[in-house]
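A quick write-up on the structure given underneath.
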Amino acid sequence: MLGVMPVKRAVQLAEEAGLDLVEVSPNANPPVCKILDYGKYKYEQQKKASEARKNQKTVDVKEVKIRPGIEDHDYQVKMKNARKFLEKGDKVKVTMRFRGREMAHQDIGLNLLKRMQEELSDISKTDLEPKLEGRQMIMVLSAEMQK
C-alpha cells in the first residue's frame with residue numbers, strides 16, 4: 001500500500017521494480033493500480049478461467065420413449081434407465097407415442113406418465129408437466145439438487 005500518488009510517480013516506481021503498473025479498479029475514485037508482472041497476472045487469470053470451465057457440469061437431456069400399452073417389466077426397465085439418468089444429473093424427457101386407436105385413450109397414457117412422475121419424485125422435479133403435442137405426450141424431469 002503506497003497510498004495516493006500521481007501517475008508519473010507510480011509508473012516510475014513500477015519501472016524501478018522492473019514490473020508493470022496495472023489498473024485494477026478504474027471506476028474507483030481515485031483509480032486503484034497495482035505494481036505486478038502483467039504477463040504472469042494474465043497467465044494466472046487464464047488458468048483460473050480454464051479451471052472453472054473444466055469443473056463445469058453440462059446437463060444433457062436424455063429421452064425415454066414409452067407406449068400406453070407398455071408391459072410391467074418393460075416399464076420397470078424404462079424407470080431404471082430414467083432413475084440412472086437423473087442420478088447422473090441429466091434431464092429426462094419422457095415421450096409417450098400414441099398410434100391409431102390409442103389416441104382415443106389418452107387418459108391411460110396420462111396416468112402412466114403421472115405414475116412415473118410420482119415414482120421418481122424422490123430424486124426429481126417436474127420441469128414440464130405432461131402435455132399432448134400431436135400424437136405424442138411429453139414430460140420433462142430434472143434432477144433435484146441435494147443440499
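Values reported hereafter were calculated over all heavy atoms of this structure, with side chains retained and with hydrogens, waters and symmetry mates removed.
The shortest side-chain heavy-atom distance between Leu2 and Ile35 falls under the 4.5 Å cut-off. Taking 4.5 Å as the limit, some side-chain heavy atom of Glu129 sits within range of a side-chain heavy atom of Lys114. Looking at heavy atoms from C-beta onward, Glu15 lies in side-chain contact with Val11 at the 4.5 angstrom threshold. The side-chain heavy atoms of Cys33 and Glu23, taken from C-beta on, include a pair separated by under 4.5 Å. Proximity of Arg99 to Arg67: side-chain heavy atoms (C-beta onward) are separated by under 4.5 Å at one or more points. Contact check for Pro130 versus Gln117: side-chain heavy atoms found under the 4.5 Å cut-off. Within the 4.5 Å cutoff, the side chain of Glu16 has heavy atoms near those of the Gln12 side chain. A heavy-atom distance below 4.5 Å is found between the side chains of Arg115 and Tyr75.
Under the 4.5 Å side-chain heavy-atom criterion for Ile, Leu, Val, Met, Phe, Trp and Tyr, Leu112 and Leu132 are members of the same hydrophobic cluster. Both Met79 and Leu113 belong to a common hydrophobic cluster when Ile, Leu, Val, Met, Phe, Trp and Tyr are linked at side-chain heavy-atom distances under 4.5 angstrom. The hydrophobic cluster containing Val140 does not contain Val92, counting ILVMFWY residues as joined when their side-chain heavy atoms lie under 4.5 angstrom apart, directly or transitively. Cluster membership check: Ile70 shares its hydrophobic cluster with Val64, using side-chain heavy-atom separations under 4.5 Å among Ile, Leu, Val, Met, Phe, Trp and Tyr. Transitive grouping of hydrophobic side chains (ILVMFWY, heavy atoms separated by less than 4.5 Å) keeps Phe98 and Ile138 in distinct clusters.
With rounding to the nearest 0.5 angstrom, the CD atom of Glu119 is 11.0 Å from the OG atom of Ser124. The CG atom of Leu19 sits 11.0 Å away from atom CG of Leu13, with the distance rounded to the nearest 0.5 Å. Atom-to-atom distance recorded for His105:NE2 and Leu110:CG is 14.5 Å, nearest 0.5 angstrom. Distance check, rounded to the nearest 0.5 Å: OG1 of Thr95 to CE of Met139 gives 9.5 Å.
When every heavy atom of Val4 is checked against every heavy atom of Pro30, the shortest pair comes out as CG2-CG, 4.1 Å. Of all the heavy atoms in Leu141 and Leu120, the pair that sits closest is CD1-CD1, 3.6 Å. The minimum heavy-atom distance between Met96 and Pro68, with the atom names listed, is SD-N, 3.4 Å. Ser142 approaches Lys91 most closely through the heavy-atom pair CB-CG, 3.8 Å. Between Gly89 and Ala143, the shortest heavy-atom distance links the atoms CA-CB, 4.0 Å.
For Glu71, the CD atom sits in a loose shell: 12 or fewer heavy atoms of surrounding residues, nucleotides or ligands are nearer than 6.0 Å.
Arg135 is linked by a side chain to side chain donor-acceptor pair (under 3.5 Å) to nothing, counting only residues two or more places apart in sequence or in another chain. Scanning for side chain to side chain donor-acceptor pair (under 3.5 Å) contacts around Glu44 gives an empty result, with sequence neighbours left out. The side-chain contact (heavy atoms from CB on, under 4.5 Å) check on Glu51 picks up Lys54, Asn55, with sequence neighbours excluded.
In this structure, Gln136 contributes its side chain and Glu133 its backbone to no donor-acceptor pair below 3.5 Å. Listed for the Arg83 side chain is no donor-acceptor partner under 3.5 Å among the backbone atoms of Ile123. Between the side chain of Asp20 and the backbone N or O of Tyr38, at least one donor-acceptor pair lies under 3.5 Å.
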- [ ] Go through the steps to decide whether Lys65 and Lys93 satisfy the test side-chain contact (heavy atoms from CB on, under 4.5 Å), and finish with yes or no.
- [x] CA-CA 8 Å; Lys65 293 184 177 184; Lys93 178 180 178 183; over 6 Å; no

Task: Trace of the side-chain contact (heavy atoms from CB on, under 4.5 Å) decision for Gln46 with Lys42 - done: CA-CA 6 Å; Gln46 248 179 352; Lys42 270 187 71 173; over 6 Å; no

